[in-house]
Amino acid sequence: MTMPSRMPEPYGQGGGANLADILERVLDKGIVIAGDIRINLLDIELLTIKLRLIVASVDKAKEMGIDWWEDDPALSSGARRKELARENAELRAQVAELEQGTAERRTVERGKSEQSSPEPSKAKQSKTEHSKTEQSKTARSKSEEST
């Protein structure tokens, strides 16, 4: 008793092509399917859909200049790393800019404090002069009282 095979025999031994051969040919050469769908109602265009489909192998697509998946962070880990490196560089530049601004503010504040530091010594001098004036007034008043 013979068991029937589960895989069907190809149509004709030398004439027909099986699905694998067709797929290999399509991926090797590439195929473009283009079409437009328009929905009109009483000569008023309601919807237009433009379809463009390219079926090709990755190598053939690269030959045609199509490589958008290499730069898409959602599809490529290399693109994701590039995106993260770019973002990291931007953040480092912002931090350096902020640190530079903080350093400049500190320098300005130091300059202001150095400028304001002689003022307290002037204030001390004026206090000393004031107390001398008070002492001289007191001495005058005592001398006037004694005369």
Side-chain angles (χ1 to χ4, degrees), residues 1-140:
M1 178 164 143
T2 61
M3 303 268 305
S5 72
R6 294 185 179 226
M7 298 296 289
E9 295 294 324
Y11 298 105
Q13 288 294 332
N18 62 18
L19 182 61
D21 292 337
I22 295 170
L23 186 60
E24 183 180 344
R25 182 172 291 169
V26 165
L27 291 177
D28 186 44
K29 301 290 182 184
I31 186 170
V32 176
I33 301 170
D36 296 338
I37 299 172
R38 291 189 184 148
I39 300 174
N40 295 337
L41 180 65
L42 300 173
D43 291 333
I44 299 171
E45 189 173 316
L46 298 176
L47 179 67
T48 300
I49 300 173
K50 295 186 176 197
L51 300 172
R52 306 294 181 261
L53 176 67
I54 298 175
V55 179
S57 66
V58 171
D59 295 333
K60 188 65 177 179
K62 284 183 179 181
E63 283 178 26
M64 295 187 302
I66 302 170
D67 60 354
W68 53 265
W69 61 88
E70 291 179 348
D71 297 326
D72 189 344
L75 299 174
S76 171
S77 62
R80 194 172 303 118
R81 279 192 294 272
K82 287 179 189 175
E83 178 75 17
L84 288 173
R86 183 192 58 75
E87 185 178 343
N88 191 1
E90 286 177 5
L91 290 173
R92 287 180 186 271
Q94 289 176 357
V95 167
E97 195 174 303
L98 289 171
E99 286 176 346
Q100 183 180 3
T102 304
E104 288 175 0
R105 260 187 261 124
R106 286 183 189 152
T107 305
V108 169
E109 289 172 2
R110 280 189 204 132
K112 286 181 180 178
S113 66
E114 287 175 2
Q115 289 174 356
S116 63
S117 64
E119 291 176 4
S121 64
K122 287 180 182 178
K124 287 179 184 178
Q125 288 175 355
S126 65
K127 283 182 183 178
T128 306
E129 290 172 4
H130 180 68
S131 63
K132 286 179 182 177
T133 308
E134 289 293 320
Q135 288 173 356
S136 63
K137 284 181 184 178
T138 309
R140 277 188 218 149

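Quick note: residue numbers are just sequence positions, from 1.
Within 6.0 Å of CD in E24 there are 12 or fewer heavy atoms belonging to other residues, nucleotides or ligands. By the neighbour-count criterion of 12 heavy atoms within 6.0 Å, atom CD of E90 is densely surrounded, having more than that number from other residues, nucleotides or ligands. In this structure, R86 places its CZ atom where more than 12 heavy-atom neighbours from other residues, nucleotides or ligands lie under 6.0 Å away.
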**OP:** Start with the C-alpha gap between Q94 and L91, add the side-chain angles, then the distance that decides, and say whether side chain to side chain contact (heavy atoms under 4.5 Å, CB included) holds.
**Re:** CA-CA 5 Å; Q94 289 176 357; L91 290 173; 3.8 Å; yes

Which pairs would a plain distance check flag for residues 34-47, meaning a side-chain donor or acceptor within less than 3.5 Å of a matching protein atom at least two apart in sequence or in another chain?
from: D36; atom 1: OD1; to: R52; atom 2: NH1; distance (Å): 3.1
from: D36; atom 1: OD1; to: R52; atom 2: NH2; distance (Å): 3.4
from: E45; atom 1: OE2; to: T48; atom 2: OG1; distance (Å): 2.2

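Contact detail for A56 and G30: the closest heavy-atom pair is CB-CA, 3.9 Å.
Between I31 and the choices V55, I54, L53, the side-chain contact (heavy atoms from CB on, under 4.5 Å) rule is met once, by V55.
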